Peer 1: 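This is the structure I have questions about; it appears just below.
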Amino acid sequence: MKKLCGMLLALFIAAFVFPLSSFAAVFTDVSDQHSAAAEIKYLADKGILLEKPNEKYRVNDPITRLEASAMIQRALNLPMENRPSVELSDIKTSHPHYALIATMVDEGIFTGNPKQQFLPDGNLKRGQMAAVFVRAFDLKGKTDYRFRDVPSTYWALPDIQTLSVKSITTGFLDNTFKPNQSLTRGHFAVFLARILEPEFTDTPACYKGDNRAQQIINVPVATLWKTPGDKRHVDAAAVSKTPDIAKWLKEMDLPQKQWLVGKVETQALYGQEVKVLQTHKDWVQVAVLDQSSPKNAAGYPGWMLKSHLTTVYPNYSSCEKAMVKTKTAVLSQDEKGQKPFRTISFNTTLPIVGKAGNLMAVQTPADGVKYINKNTVKTVNAKGTMPKPTKEQIIETSKTFDGLSYLWAGTSGFGLDCSGFTYSVYRQHGIDLPRDASVQAVNGLKVNKKDLQAGDLLFFAYNKGKGTVHHVGMYIGNGQMIHAPNPKRTVEIVPLTLEPYKTEYAGARRYLR
């Protein structure tokens, strides 16, 4: 009853949301931008922290069992008078914090170790923290999910699972909990604030722990090459830590762009999943799962820098997705959209974890939550299914790229090749085409030239249309097509009577039915 009364007081909810940008720093080592700033200020305002304002909170220091005890006692407003004596080998009645320790033991929040020691100055471990919080606040909740590094036999597993199911913790990005690691004072403050004030548990309802490791593209656009190894000096922007495809295209002259033919295989976008096939030094050969190809059953293969990948876990697979519908879009660090993080491409798709005014909060592969303007994306359901597009919608999307630079093997809003163009336009509407023109030419529904409809794909072949298919465009009606022709030109709209297309016409396929 004592715990319950104190808890009711501590759970008094402030009638406002806590915008981080409005906080003045309470402690000298906790800036307004610190990830735990809001929670620490909340605890300070409630008188739960012992430290004085304008001093250091020691946010990254391990929290001791005694320090944790004091914060919990204040949070629950537990009386410390008339507690039974404690039978602990390292605690005497003369200890300056004897009353606090006796209170913790009497309430069953902290217990002694097998040697009957309280270890007041010992660091509180993360697993111990889970048990302490469950006991102190009578937390309930069960789940079958288990962090990757918490064995089924671990003594505090049920307590850790309780914190997980109540969204008090989501563990680390690699789906570990690190139960035997010392807990920092900053993390303790975050967990305690989440227990006392539900506003701080910002985990989206669609979050579901999933320990299946995935290899994900972690740069705006990753370029996949025919062979691994060093590239030309002019390719530096494409193989840098954070590739800049727009800069790469701008710095290449025509011969340098033409050199890419046969040297580059395809590209993959931020957040796309790949399968690693083999490794060579700093390079990995991968298959892009979203790009079908007879070259590999898993997806389109090619070599890319290992550093452009990251391992993630599909914890947000049940969330709706934000899919970029403009040529490019800017991800921001802040919910006001004033601090750019990186520019991403058309068709980049990221889980939606919240909304902030005119921005959507999205979960990035390895950089936490970022923000994107709602006007640059469309919302896609968790399964990725979309309503069947109309011919008009397909053509409208295709014209988005009129005038865009040609890039051999390009599949992004920075630059496209011919089949990358058709593949990307249809993908925006939930229709997956094979990656290459030669494969697109033998799939879909065969269409006679006299029966062409807007959105049909047009194919062109050597030997006056009777040889190998080497190009694809999209019919837009009125005897015209839109296509990405070659490194000499940009995406353009031309009549079908224009040579060499009139002579090399090899047939059409319909993917919109």
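Residue indices begin at 1 and follow the sequence shown. Just so it is clear, the structure is predicted and the values come from calculations on it, not from any experiment.
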Peer 1: Enter the distance from M252:CE to D235:CG here, rounded to the nearest 0.5 Å.
Peer 2: 6.5 Å

Peer 1: Please examine the side chains of W283 and K306, heavy atoms only from C-beta on, and report whether any two atoms are closer than 4.5 Å.
Peer 2: no

Peer 1: Classify the angle between the aromatic ring planes of F460 and H471 as parallel (below 30°), tilted (30 to 60°) or perpendicular (above 60°).
Peer 2: tilted

Peer 1: Using the side chain to side chain donor-acceptor pair (under 3.5 Å) rule, take Q428 and N347 through it: C-alpha gap first, then chi angles, then the decisive distance, then the call.
Peer 2: CA-CA 6 Å; Q428 173 74 194; N347 276 350; 2.6 Å; yes

Peer 1: Does the side chain of I493 reach to within under 4.5 Å of the side chain of I476, using non-hydrogen atoms?
Peer 2: yes

Peer 1: Can you find a heavy atom in the side chain of F147 that is under 4.5 Å from one in the side chain of L157?
Peer 2: no

Peer 1: Using the ring-ring contact (aromatic ring centres under 6.0 Å, His included) rule, take F401 and F346 through it: C-alpha gap first, then chi angles, then the decisive distance, then the call.
Peer 2: CA-CA 10 Å; F401 301 104; F346 178 80; 4.8 Å; yes

Peer 1: Between R510 and D451, is the closest basic N to carboxylate O distance under 4.0 Å?
Peer 2: no

Peer 1: Between the side chains of D456 and K446, is the shortest nitrogen-to-carboxylate-oxygen separation below 4.0 Å, so that they form an ion pair?
Peer 2: no

Peer 1: Roughly how far apart are I195 CD1 and F200 CZ, rounded to 0.5 Å?
Peer 2: 13.0 Å

Peer 1: Tell me, please, whether W303 has K281 positioned over its six-membered ring: NZ or CZ under 6.0 Å from the ring centre and within 45 degrees of its axis?
Peer 2: no

Peer 1: Between D334 and S332, do the side chains contain a donor N or O and an acceptor N or O under 3.5 Å apart?
Peer 2: no

Peer 1: Report yes if the side chains of V276 and Q285 come closer than 4.5 Å at any heavy-atom pair, otherwise no.
Peer 2: no

Peer 1: Among pairs that include at least one residue of residues 212-327, which meet disulfide bond (SG atoms under 2.5 Å apart), considering only residues two or more places apart or in two chains?
Peer 2: C206-C319

Peer 1: Do any N or O atoms from the side chain of N463 and from the backbone of K466 form a donor-acceptor pair under 3.5 angstrom?
Peer 2: no

Peer 1: Could K257 and W259 be counted as a cation-pi pair, given that NZ or CZ must be under 6.0 Å from the ring centre and within 45° of the axis?
Peer 2: no

Peer 1: Determine, for R427 against D432, whether the closest basic-nitrogen to carboxylate-oxygen distance falls under 4.0 angstrom.
Peer 2: yes

Peer 1: Evaluate whether atom NZ of K449 has more than 12 neighbouring non-hydrogen atoms of other residues, nucleotides or ligands under 6.0 angstrom away.
Peer 2: yes

Peer 1: Hey, could you give me each pair passing salt bridge (charged side-chain N to carboxylate O under 4.0 Å, His left out) that has a residue in residues 470-495? Not counting sequence neighbours.
Peer 2: R489-E492

Peer 1: Between H470 and Y462, does the ring centroid distance fall short of 6.0 Å?
Peer 2: yes

Peer 1: Think R148 forms a cation-pi with F172, using NZ or CZ under 6.0 Å from the six-ring centre and within 45 degrees of its axis?
Peer 2: no

Peer 1: For R435 and D417: C-alpha separation, side-chain torsions, deciding distance, then whether salt bridge (Lys or Arg N to Asp or Glu O under 4.0 Å) applies.
Peer 2: CA-CA 11 Å; R435 172 61 183 88; D417 70 3; 3.2 Å; yes

Peer 1: Any salt bridge linking K295 with E265? Criterion: basic side-chain nitrogen under 4.0 Å from a carboxylate oxygen.
Peer 2: yes

Peer 1: With distance as the sole test, does Y42 use its side chain to make a donor-acceptor pair with the main-chain N or O of A189 at under 3.5 Å?
Peer 2: no

Peer 1: Under 4.0 Å between a side-chain nitrogen and a carboxylate oxygen: does that hold for D210 and R212?
Peer 2: yes

Peer 1: Any non-hydrogen side-chain atom of T397 less than 4.5 Å from a side-chain atom of H429?
Peer 2: yes

